[in-house]
Amino acid sequence: CEACGEEEAKYRCPRCMKYSCSLLCVKKHKLALNCNGIRDKTAFVAVNEFTDLNLLSDYRFLEDVGRTADAAARDVSVHRPTTNKFINYLRNRARRHNINLKTLPIGFTKRKENSTIFNKKEQKFYWHLKLVFPHSHAEYTLKRVPEDKTLTDILKPYIDPVESDPVVCQRLKIYTMSPHSDVQILMKIENRRQNSTRYYELDASRSLLDNLKDKVIIEYPTLFVVLKTLKHDMVVLGQ
């Protein structure tokens, strides 16, 4: 086993070809090498090593690409208009919720990746959301997060010791092992001078909408999940 160096290896990672002896060591090597354990279907194979198995793998890969492209073509968010009319509509709907939504010019990365929509039938926002865990150097992007979902429920798949994904839980171990009272959710205050960065402290028990009210949002919200004892350089408004 290349993780613990003690037990006889039973598994080999399809991605990085490392040997492991148990599920625990598999998780360890994924965390250490930032490996997702998924075989690289586009890895180079020399002609003299190409087999019928490689051919079948390539065929299935192309089928998967076709299915993904078809699913993307059917996705309503892909067909949403990107005109000024649509952007103005989003801003106006946000203003009715007391949210000052600002958008960047076409071509900016945040403008391209923003998938926020307003559902007319349900009369509510589904936000594009980024979660940053600075103490674990991890970032996660969430799409179509309903505005009425509480921050506690949004974070459960990441830092809840019971409900979080095992691999994510291992990566965010410093958070999952800390008491809930030590976890703090911050959002950067926009339109301040660079040398006076401040953060809003958000209420985890309240909905995303309630936390965004009376604030400036550039394209979409970015939430920083920090531990109170470690956030030395992140100053909360009023402190």
Side-chain angles (χ1 to χ4, degrees), residues 1-41 64 68 113-116 126-188 199-212 220-234 236:
C1 175
E2 296 184 56
C4 67
E6 297 175 0
E7 302 294 332
E8 182 181 353
K10 298 178 182 177
Y11 313 104
R12 193 175 191 187
C13 178
R15 182 77 178 187
C16 62
M17 309 307 286
K18 296 289 185 183
Y19 287 100
S20 305
C21 67
S22 63
L23 181 59
L24 181 62
C25 284
V26 169
K27 291 180 179 178
K28 281 182 180 178
H29 108 266
K30 284 183 177 180
L31 187 65
L33 301 178
N34 197 22
C35 173
N36 58 16
I38 302 173
R39 184 177 65 84
D40 184 4
K41 297 177 182 179
D64 289 341
T68 303
E113 64 188 12
N114 189 3
S115 61
T116 299
Y126 283 83
W127 287 95
H128 186 101
L129 185 64
K130 181 174 286 187
L131 298 178
V132 180
F133 298 85
H135 309 312
S136 295
H137 305 289
E139 288 187 7
Y140 298 94
T141 299
L142 289 69
K143 295 185 177 182
R144 297 184 187 178
V145 180
E147 64 179 25
D148 51 2
K149 195 170 186 177
T150 65
L151 299 190
T152 298
D153 289 337
I154 291 173
L155 291 179
K156 272 184 180 178
Y158 299 91
I159 62 174
D160 188 281
V162 178
E163 298 190 27
S164 61
D165 177 270
V167 176
V168 174
C169 183
Q170 183 67 23
R171 186 177 184 186
L172 303 178
K173 191 174 181 179
I174 191 172
Y175 291 92
T176 55
M177 294 184 67
S178 299
H180 286 297
S181 58
D182 195 31
V183 176
Q184 196 174 27
I185 307 172
L186 305 179
M187 188 171 73
K188 185 180 177 182
Y199 295 83
Y200 291 115
E201 180 176 5
L202 307 184
D203 187 343
S205 64
R206 303 185 69 181
S207 69
L208 179 60
L209 174 62
D210 288 339
N211 278 289
L212 296 182
Y220 55 80
T222 298
L223 308 186
F224 295 84
V225 185
V226 301
L227 300 176
K228 294 178 183 178
T229 53
L230 299 176
K231 65 169 186 60
H232 310 299
D233 57 341
M234 303 182 77
V236 176

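Computed from heavy atoms alone, side chains included, the values below leave out hydrogens, waters and symmetry copies. This one's a predicted model, so the numbers in the text were calculated from it and none came from an experiment.
- A donor-acceptor pair is defined here as one N or O able to donate and one able to accept, closer than 3.5 Å; such a pair exists between the side chain of Thr116 and the backbone of His128.
- Tyr11 meets the side chain to side chain donor-acceptor pair (under 3.5 Å) test with no other residue; sequence neighbours excluded.
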Residue pair Met187, Leu212: steps toward the side-chain contact (heavy atoms from CB on, under 4.5 Å) verdict = CA-CA 9 Å; Met187 188 171 73; Leu212 296 182; 4.0 Å; yes

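- Ring geometry, Phe224 versus Tyr199: the interplanar angle exceeds 60°, so the pair is classed perpendicular (tilted spans 30 to 60°).
- Here the straight-line distance linking atom CG of Leu129 with atom CG of Asn114 works out to 10.5 Å at 0.5 Å rounding.
- In this structure, the separation between CG on Leu155 and OG1 on Thr150 is 8.5 Å, given to the nearest 0.5 Å.
- Asn211 places a side-chain N or O within 3.5 Å of a backbone atom of Asp203 that can act as its donor or acceptor partner.
- Closest of all the heavy-atom pairs between Glu7 and Cys4 is N-SG, 3.8 Å.
- Across Val226 and Pro134, no two heavy atoms sit closer than the pair CG1-CG, 3.7 Å.
- Without hydrogens or angle criteria, Thr222 side chain to Lys130 main chain gives no donor-acceptor distance under 3.5 Å.
- Using the six-membered ring where Trp is involved, Tyr175 and Phe133 have ring planes that are perpendicular, over 60° apart on the 30 and 60° scheme.
- Atom CG of Leu208 is separated from atom CD1 of Ile154 by 5.0 Å, given to the nearest 0.5 angstrom.
- With values rounded to the nearest 0.5 angstrom, Tyr126 atom OH is found 10.5 Å from Lys149 atom NZ.
- Here the side chains of Asp160 and Thr176 are not in contact, with every heavy-atom distance at 4.5 Å or above.
- Separation of atoms SG (Cys16) and CD1 (Ile38) is listed at 12.5 Å; rounding is to 0.5 Å.
- How far CD1 of Ile185 is from CG of Leu223: 7.0 Å, rounded to the nearest 0.5 Å.
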Check: residues 19-33 side-chain donor-acceptor pairs under 3.5 Å, at least two apart:
| from | atom 1 | to | atom 2 | distance (Å) |
| --- | --- | --- | --- | --- |
| Tyr19 | OH | Arg12 | NH1 | 3.3 |
| Ser22 | OG | Cys25 | N | 3.4 |
| His29 | ND1 | Val26 | O | 2.9 |

Let me see the working for Tyr158 and Leu142 under side-chain contact (heavy atoms from CB on, under 4.5 Å), right down to the final yes or no.
-> CA-CA 12 Å; Tyr158 299 91; Leu142 289 69; 3.4 Å; yes

Any chance you could lay out the side-chain contact (heavy atoms from CB on, under 4.5 Å) test for Lys156 and Asp153, step after step, and finish with the verdict?
-> CA-CA 5 Å; Lys156 272 184 180 178; Asp153 289 337; 3.6 Å; yes

Quick one: do Leu202 and Leu186 satisfy side-chain contact (heavy atoms from CB on, under 4.5 Å)? Show the steps, please.
-> CA-CA 6 Å; Leu202 307 184; Leu186 305 179; over 6 Å; no

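- In terms of modelled atom types and a separation under 3.5 Å, the side chain of Arg206 and the main chain of Leu151 share no donor-acceptor contact.
- Between Lys18 and Glu2 the shortest heavy-atom distance is CD-OE1, 3.2 Å.
- Looking only at side-chain heavy atoms (C-beta outward), Asp148 and Leu209 stay at 4.5 Å or farther from each other.
- The shortest non-hydrogen separation linking Lys228 to Ser181 is NZ-O, 3.1 Å.
- Side-chain atoms of Lys173 do not come within 3.5 Å of backbone N or O of Ser136 as any donor-acceptor pair.
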